[in-house]
Amino acid sequence: MNLLLIGPPGAGKGTQSKRLEDAYGLVQLSTGDMLRAAVASGSELGRKAKAIMERGDLVPDDLIIDMIAARIDQDDCAKGFILDGFPRTVPQAEALSAMLADKGLRLDHVIELAVDDEAMVKRITGRYTCVTCGQGYHDEFQKPARDGVCDKCGGTEFTRRADDNEETVRNRLDAYHGQTAPILAYYKNQGVLKGVDGMADIDAVTAQLKGVIGQA
Ligand code: AMP
């Protein structure tokens with residue numbers, strides 16, 4: 001089963017992808033995570049992407065398409081994947097359709113997480129992650145049970161993303177509305193777009209997603 005989650009930054013795509021990975025045995029493909037790894041490794045792609053990401057602009061389509069095409073070819077994707085943060089433009093969506101058709105694959109569910117922009121600024125500027133296991137937290141909405149200790153792995157080191165500041169978040173939201181939202185019409189025209197209320201709490205959104213997807 002292959003899934004695509006669509007929504008602005010902060011909508012919960014990453015959080016929900018991790019839960020669906022566990023529930024359905026799928027692999028999360030986050031182009032943002034892949035790019036952050038490329039930046040950290042200092043690769044050519046990382047050097048090209050770094051400043052663009054810091055501004056909250058979109059990395060050029062050709063770089064993204066090559067990166068995801070190589071990733072989808074890896075063995076672990078054969079059991080199914082969840083696309084998180086890709087496609088982000090209509091040319092990316094068209095390239096994905098061609099890529100999947102080529103491999104005899106398809107998207108089983110395309111789901112929009114519908115949210116409110118102002119709430120996203122608050123969600124994003126408060127979020128942080130366990131360095132050891134990647135579990136996500138929030139200053140206000142999702143604190144660990146013990147202050148400074150990860151619930152999942154007991155880690156005590158946490159990190160915040162460089163682009164999770166208010167100015168960059170507003171630019172990322174503009175990029176979403178200007179360049180990414182048109183892919184909703186692309187999938188709607190294909191009759192495959194579904195939606196859930198991304199403003200509900202995390203467990204309720206997971207339940208809605210499972211309702212759309214069906215039981216594992
Ligand atoms: P994300 O982790 O999905 O919020 O992505 C972080 C940043 O990586 C974005 O603000 C973009 O600069 C870049 N990025 C991630 N995915 C894409 C994509 N599909 N197309 C273009 N840029 C992307």
Applying the 4.5 Å side-chain criterion to the ILVMFWY set and letting contacts propagate, would Leu107 and Val212 be lumped into a single cluster?
no
Give the cluster check for Met99 versus Val27: same hydrophobic cluster or not, with ILVMFWY residues linked at side-chain heavy-atom distances below 4.5 Å.
yes
Are the side chain of Asp147 and the backbone of Pro144 linked by a donor-acceptor contact shorter than 3.5 Å?
no
Would you confirm whether Ser41, through its side chain, and Ala38, through its main-chain N or O, come within 3.5 Å as a donor-acceptor pair?
yes
Who passes salt bridge (Lys or Arg N to Asp or Glu O under 4.0 Å) against Asp108, sequence neighbours left out?
Arg106
Connecting only ILVMFWY residues whose side-chain heavy atoms lie within less than 4.5 Å of each other, what is the rest of Tyr137's hydrophobic cluster?
Tyr128, Phe158
Pairs under 3.5 angstrom only: tabulate donor-acceptor contacts from the side chains of residues 179-188 to other protein residues two or more places apart or in another chain.
residue	atom	partner	partner atom	Å
Thr180	OG1	Arg88	O	2.7
Tyr186	OH	Ser97	OG	2.8
Tyr186	OH	Gln190	NE2	3.4

Pair Arg172 + Asp164, salt bridge at N-O below 4.0 Å:
yes
Check against side-chain contact (heavy atoms from CB on, under 4.5 Å), Arg161 and Thr129
CA-CA 9 Å; Arg161 278 172 47 174; Thr129 306; 6.0 Å; no
Would you say that Pro60 contacts Ile52 through its side chain, given a criterion of any heavy-atom pair below 4.5 Å between the two side chains?
yes
Met53 side chain near Thr168 side chain, heavy-atom distance below 4.5 Å
no
Is there a donor-acceptor contact under 3.5 Å linking the side chains of Thr89 and Asp61?
yes
Any link between Tyr176 and Val121 through a network of hydrophobic side chains (Ile, Leu, Val, Met, Phe, Trp, Tyr) touching at under 4.5 Å?
no
Under the side-chain contact (heavy atoms from CB on, under 4.5 Å) criterion, do Cys150 and Thr156 qualify, and how do the steps go?
CA-CA 6 Å; Cys150 176; Thr156 53; over 6 Å; no
Reported CG-to-CG distance for the pair Leu209 and Leu3, which is rounded to 0.5 angstrom
8.5 Å
Pairwise distance CG(Leu113) to CG(Asp197) - rounded to 0.5 angstrom
9.5 Å
Once rounded to the nearest 0.5 Å, what's the spacing between atom CG of Leu83 and atom CG of Leu96?
6.0 Å
Could you go through the side-chain contact (heavy atoms from CB on, under 4.5 Å) check for Asp73 and Lys103 one step at a time?
CA-CA 9 Å; Asp73 272 342; Lys103 298 179 200 304; 2.7 Å; yes
Grab the two heavy atoms, one from Gly42 and one from Arg47, that are nearest each other, plus how far apart they are.
O-NH1, 2.8 Å
Between Thr206 and Asp203, is there a side-chain donor-acceptor contact under 3.5 Å, judged purely by atom types and distance?
no
Evaluate the side-chain proximity of Arg127 to Arg123: yes if any heavy-atom separation is below 4.5 Å, no if none is.
no
Do Gln28 and Lys18 have side-chain heavy atoms sitting under 4.5 Å apart?
yes
Any luck finding a side-chain donor-acceptor pair between Asn2 and His109 under 3.5 Å?
no
Looking at every heavy atom in both Cys130 and Gly155, which two are closest together, and how far apart are they?
SG-CA, 4.5 Å
Under a 3.5 Å distance rule, please check whether Lys13 uses its side chain to pair with a backbone N or O of Gly85 as donor and acceptor.
no
Intermediate values then yes/no, side-chain contact (heavy atoms from CB on, under 4.5 Å), Ile213 and Ile111
CA-CA 9 Å; Ile213 296 165; Ile111 309 172; 4.1 Å; yes
Between Val205 and Ala200, which heavy-atom pair has the shortest distance, and what is it?
CG2-O, 3.5 Å
Out of curiosity, does Leu4 fall in the hydrophobic cluster containing Val90 (side-chain heavy atoms, cut-off under 4.5 Å, transitive links)?
yes
Cluster link Met1 to Val192, ILVMFWY, side chain under 4.5 Å:
no
Minimum side-chain heavy-atom gap Pro8-Val115 below 4.5 Å:
yes
Let me see the working for Lys122 and Glu118 under salt bridge (Lys or Arg N to Asp or Glu O under 4.0 Å), right down to the final yes or no.
CA-CA 7 Å; Lys122 200 167 177 193; Glu118 275 314 304; over 6 Å; no
Do Lys143 and His138 have a side chain donor and acceptor closer than 3.5 Å?
no
If I take atom CD1 from residue Ile82 and atom CG from residue Leu20, how far apart are they, to the nearest 0.5 angstrom?
5.0 Å
Taking every heavy atom of Lys152 against every heavy atom of Cys133, the minimum-distance pair comes out as CB-SG, 4.0 Å
Could you report the tightest heavy-atom contact between Cys77 and Ile72, atom names first, then the distance?
CB-O, 3.6 Å
Separation between CZ (Arg160) and OG1 (Thr125), nearest 0.5 Å, reads 8.5 Å
Gap separating the CE atom of Met67 from the CZ atom of Phe86, nearest 0.5 angstrom
8.5 Å
Flag the pair Asp84 / Leu5 as yes when at least one side-chain heavy-atom distance between them is below 4.5 Å, and no otherwise.
no
When you check the gap from the basic side-chain N to the acidic O, do Arg146 and Asp151 get nearer than 4.0 Å?
no
Could you tell me whether the side chain of Leu26 reaches within less than 4.5 Å of the side chain of Phe81, counting heavy atoms only?
no
Test salt bridge (Lys or Arg N to Asp or Glu O under 4.0 Å) on Asp33 and Arg36; report intermediate values, then the result.
CA-CA 5 Å; Asp33 285 350; Arg36 281 184 286 282; 2.8 Å; yes
Any side-chain donor-acceptor pair under 3.5 Å between Arg19 and Gln16?
no
Check: Leu63 and Leu45 side chains under 4.5 Å, non-hydrogen atoms:
yes
One thing to verify: whether Arg170 and Glu166 come together as a salt bridge, which I'm taking to mean a side-chain N less than 4.0 angstrom from a carboxylate O.
yes
